[in-house]
Amino acid sequence: QVHLVESGGGLVQPGGSTRLSCTASGRTFSSATVAWFRQGPGKEREFVSAFRWSGGNTGTHYSDSAKGRFTLSRDNTQNTVYLQMSSLKPEDTAVYYCAWRGSRLIVSSLRDGSNYDYWGQGIQVTVSS
């Protein structure tokens, strides 16, 4: 069993920044696939970013909307993954979810939420002036 807890977020002004955290208990992030998804008001859930462990190396993957503005990082000692979001836009307003899968995913499968085994409760990010 894996328990994921997100923190951070809140109200941010357009152009501002915030950092989301996802801390796991029960299992570690080692050899796992950890991703962030989001669901905006009236929208379907969409992929944001993911760590993909492969052969001892780690690859990061971003959606087109996140690329260049969001940065994924991790602290193995804290079993925590961070999503640093910058240059935020009103369309980034959403509930952000951390997701975990205990094995590697092929790149083409990262964006499909049904491939993840555990999810956090979600955290609201509102970008508004």
Smallest separation among heavy atoms of [X] and [Y], with atom names:
X: Gln78; Y: Thr23; result: O-CG2, 3.8 Å
X: Leu72; Y: Val81; result: CD1-CG1, 3.6 Å
X: Ser103; Y: Thr33; result: O-OG1, 2.9 Å
X: Val127; Y: Asp92; result: CG2-CB, 4.2 Å
X: Leu88; Y: Arg69; result: CA-NH1, 3.9 Å

Would you kindly confirm whether [X] and [Y] end up in one hydrophobic cluster when ILVMFWY residues are joined by side chain heavy atoms under 4.5 Å apart?
X: Leu105; Y: Leu83; result: no
X: Tyr82; Y: Val95; result: no
X: Phe51; Y: Leu110; result: no

For the [atom1] atom of [X] and the [atom2] atom of [Y], what is their distance to the nearest 0.5 Å?
X: Phe47; Y: Asn115; atom1: CZ; atom2: CG; answer: 11.5 Å
X: Gln84; Y: Ser49; atom1: CD; atom2: OG; answer: 12.0 Å
X: Leu4; Y: Thr80; atom1: CG; atom2: OG1; answer: 10.5 Å

Expected output: side-chain Glu6 to main-chain Gln121 donor-acceptor under 3.5 Å: yes

Asn79 side chain to Ala24 backbone, donor-acceptor under 3.5 Å: yes

Residue pairs, two or more places apart or on separate chains, that pass ring-ring contact (aromatic ring centres under 6.0 Å, His included) and touch residues 103-129: Phe37-Tyr116, Phe37-Trp119, Trp100-Tyr118

Salt bridge (charged side-chain N to carboxylate O under 4.0 Å, His left out) contacts touching residues 58-67 (sequence neighbours left out): Asp64-Lys67

Residue pairs fulfilling salt bridge (charged side-chain N to carboxylate O under 4.0 Å, His left out) with at least one residue in residues 108-122, sequence neighbours excluded: none

My understanding is that only residues two or more places apart in sequence, or in another chain, count here; which of them pass side-chain hydrogen bond (donor to acceptor under 3.5 Å, both in side chains) with [X]?
X: Ser128; value: none
X: Glu46; value: Arg38
X: Ser87; value: none
X: Arg45; value: none

Can you list, pair by pair, the side-chain donor-acceptor contacts under 3.5 Å of residues 7-21, counting residues two or more places apart and other chains?
| from | atom 1 | to | atom 2 | distance (Å) |
| --- | --- | --- | --- | --- |
| Ser17 | OG | Ser86 | OG | 3.4 |

Residues forming a ring-ring contact (aromatic ring centres under 6.0 Å, His included) with Tyr97, sequence neighbours excluded: none

Counterpart residues, side-chain contact (heavy atoms from CB on, under 4.5 Å), relative to Ala66 (two or more places apart): Val48, Tyr62, Ser63, Phe70

